Participant: 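This is the structure I want to talk about, given as structure tokens.
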2 protein chains.
Amino acid sequence: MNGHELLQKHISKTVTLSDDVFEYVLSHFKEQHFTKGQTIISAGDKVQHEYFVVAGCLKSFYINEDVKMFILQFSMPNWWASDFEALYSGEKAKIHVDCIADATVLALSNEDREKLCREIHEMEHFFRWRTNKGYVATQKRLLSFMNNNAKQRYEELLTQYPQLYNLVPKHLIAAYLGVSRETLSRL
Amino acid sequence: MNGHELLQKHISKTVTLSDDVFEYVLSHFKEQHFTKGQTIISAGDKVQHEYFVVAGCLKSFYINEDVKMFILQFSMPNWWASDFEALYSGEKAKIHVDCIADATVLALSNEDREKLCREIHEMEHFFRWRTNKGYVATQKRLLSFMNNNAKQRYEELLTQYPQLYNLVPKHLIAAYLGVSRETLSRL
DNA sequence: TCGCCGTTGTGACCTATGTCACATTCAATG
DNA sequence: CATTGAATGTGACATAGGTCACAACGGCGA
């Protein structure tokens, strides 16, 4: 399936659009390719785009004062990635996004998203629901952090995304779980 | 300031509405009063409403198998509270909401929110931004969990919401921070 | 006023996880 | 091939935070 088809399918799960409108919407997305290790957003950047992942995998992460990395999200196909705080507020990025498995994405600029939301009520609806899902998912992860130990969180992650086990190195999984790589290795 | 004024002010920070439209929007909210200790949503309920807090304070929390409580949010004036996952999906509530300081709220039903979003594009826009703010805030809290120890999280909370120190008992603050009340007491 | 219960503090001890050091494996590259 | 460096495993030890037990305090209803 190509990028536009995947995105169309993704959007139609939430809203119904005519083919013409779909074509108009899709015309605002630009396909881009990234290779493993490539940087997409660095802290300090002015963030202009969000990215719908068609293939491959991205990670969004924060680096603290001790240069320790915390992964907020692995973005697999059908997910969106960006520094949403910076994107919406216009401030400089605080989080980084880079590519961990050769990726194809569809980039949408902040201006174009707001334009689409203004022009097409259904798209505003779509983005409301998308954000809502992200909100609920993040709240669940927060609860999992408070409720479960490292082993339980690891098993939870692998149950939900078995592909990750082979796709990404263990020290990145540790950074997602919020434990040291040594601890993860002992699980 | 009465409830409608506060809500109007809150909404106008994000979108501009005429007085007539505002009146129409506000007519969908019903004022309710809760007293300290009162239950608003219990796990297992069918969730019908979300609540805009005008005065007082609510807490949203999860109870695990060991009957341990984890607080997702303290809802102060100008915040919204509900089990948003249950509300949006139609499933039974997994989280509880109750009142920790005598409260006045404006209740909006799920149907009315969707109706307002359908009828008034600006309201869809408003709710998109509201949810986006919640998403970003939750992500920040997640990062704080990974990055900071109990003491740092406690200080962060008190800096952000100094009122909480006197308003809510310490064991609830501990349940928000995800530590035992004994640990909090030793900070 | 008395007694009760919710809240908070604190000591003793236990456990999960972090940190540091070093070994091993393996893929990429000259 | 030989070499390098990233990824991973593992032992020894340190420490934040959990758990349990008990004491102290204070407000509120009988």
Side-chain angles (χ1 to χ4, degrees), chain A residues 35-39 57 59 61-71 74 96 98-102 141-158 161-187, chain B residues 35-39 57-59 61-71 74 96 98-102 141-158 162-187:
Chain A
T35 57
K36 185 174 167 176
Q38 213 177 331
T39 297
C57 186
K59 70 176 197 280
F61 58 107
Y62 176 74
I63 304 280
N64 74 0
E65 322 74 51
D66 307 331
V67 203
K68 214 166 142 182
M69 173 177 66
F70 301 94
I71 296 183
F74 293 116
H96 309 249
D98 68 20
C99 175
I100 53 182
D102 291 3
R141 191 160 159 223
L142 187 62
L143 270 182
S144 171
F145 246 90
M146 300 205 263
N147 202 0
N148 302 130
N149 63 23
K151 186 169 190 181
Q152 294 168 318
R153 297 204 302 279
Y154 185 42
E155 285 161 1
E156 188 178 53
L157 179 67
L158 289 186
Y161 307 104
Q163 330 88 292
L164 283 180
Y165 188 84
N166 294 312
L167 188 61
V168 314
K170 303 278 164 292
H171 70 271
L172 293 187
I173 294 187
Y176 179 89
L177 295 174
V179 299
S180 68
R181 54 165 208 85
E182 292 94 333
T183 296
L184 182 67
S185 148
R186 283 185 245 265
L187 291 183
Chain B
T35 56
K36 186 175 168 175
Q38 214 177 330
T39 298
C57 186
L58 313 182
K59 69 175 197 282
F61 58 107
Y62 175 73
I63 304 280
N64 76 0
E65 323 75 51
D66 307 331
V67 203
K68 215 166 142 182
M69 172 178 68
F70 301 93
I71 296 183
F74 293 114
H96 309 249
D98 67 21
C99 176
I100 53 182
D102 293 2
R141 191 159 158 222
L142 187 62
L143 270 183
S144 171
F145 246 90
M146 300 204 266
N147 201 358
N148 302 129
N149 64 22
K151 185 170 190 181
Q152 294 169 317
R153 296 204 303 279
Y154 185 44
E155 284 161 0
E156 188 177 53
L157 179 67
L158 289 187
Q163 329 88 293
L164 282 180
Y165 187 83
N166 295 310
L167 188 61
V168 315
K170 303 277 165 295
H171 71 270
L172 292 186
I173 294 188
Y176 179 90
L177 296 175
V179 299
S180 68
R181 54 165 208 85
E182 292 94 332
T183 296
L184 182 66
S185 147
R186 282 185 246 265
L187 293 182

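Everything numeric in this text was worked out from a predicted model, so none of it was measured. Chain naming here is simple, since letters A, B, ... match the order of the sequence lines and numbering starts at 1 in each.
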Participant: May I ask you to evaluate whether His171(B) reaches the phosphate of dG6(C), defined as a side-chain N or O under 4.0 Å from OP1 or OP2?
Facilitator: no
Participant: Could you please name the option among dT19(D), dG9(C), dG18(C) that lies closest to any side-chain atom of Val179(A)?
Facilitator: dG18(C)
Participant: Between Ser185(B) and Lys68(A), which has a closest nucleotide on DNA chain C that is more 5'?
Facilitator: Ser185(B)
Participant: Quick check for you: among dG18(C), dT19(D), dT10(D), whose closest atom lies nearest to any side-chain atom of Ser180(B)?
Facilitator: dT19(D)
Participant: Write down the distance between OH (Tyr154(A)) and C1' (dT8(D)), rounded to a whole number of angstrom.
Facilitator: 11 Å
Participant: Atom CG of Asn64(A) and atom P of dG18(C): how far apart are they, to the nearest Å?
Facilitator: 14 Å
Participant: More than 12 foreign heavy atoms under 6.0 Å from NZ of Lys170(A): is that the case here?
Facilitator: yes
Participant: For a quick check of understanding: with a heavy-atom distance under 4.0 Å over all strands, which category does Gly37(B) fall into, base, sugar-phosphate or nothing?
Facilitator: nothing
Participant: Can you tell me which nucleotide in dT7(C), dG18(D), dT10(C) comes closest to the side chain of Arg181(B)?
Facilitator: dT10(C)
Participant: Would you check, one step at a time, whether the test side-chain contact (heavy atoms from CB on, under 4.5 Å) holds for Met146(B) with Lys68(A)?
Facilitator: CA-CA 10 Å; Met146(B) 300 204 266; Lys68(A) 214 166 142 182; over 6 Å; no
Participant: Arg186(A) side chain: which of dA21(C), dT17(C), dT19(C) is closest?
Facilitator: dT19(C)
Participant: Heavy atoms only: give me the nearest Phe145(B)-Leu177(B) pair and the separation to one decimal.
Facilitator: CZ-O, 3.3 Å
Participant: How many whole angstroms separate atom CG of Asn147(B) from atom P of dG18(C)?
Facilitator: 13 Å
Participant: What is the separation between atom CG on Asn166(B) and atom P on dT7(C), rounded to the nearest whole Å?
Facilitator: 16 Å
Participant: Rounded to whole Å, how long is the line connecting atom CG of Leu187(A) with atom C1' of dT10(D)?
Facilitator: 13 Å
Participant: In whole angstrom, give the distance that lies between atom CG of Asn149(A) and atom P of dT17(C).
Facilitator: 5 Å
Participant: Nearest whole Å is fine: how far is dA6(D) C1' from Ile100(A) CD1?
Facilitator: 16 Å
Participant: Return the nearest nucleotide to the side chain of Glu182(B); candidates are dG11(D), dA7(D), dA21(D).
Facilitator: dA21(D)
Participant: Please state how far atom NZ in Lys36(B) lies from atom C1' in dG27(D), giving the value in whole angstrom units.
Facilitator: 10 Å
Participant: I'd like to check Phe74(A) versus Gln163(A) (side-chain heavy atoms, cut-off strictly below 4.5 Å). Are they in contact?
Facilitator: no
Participant: Would you kindly check if the NZ (Lys) or CZ (Arg) of Lys151(A) is within the cone defined by 45 degrees around the ring axis of Tyr154(A) and under 6.0 Å from the six-membered ring centre?
Facilitator: no
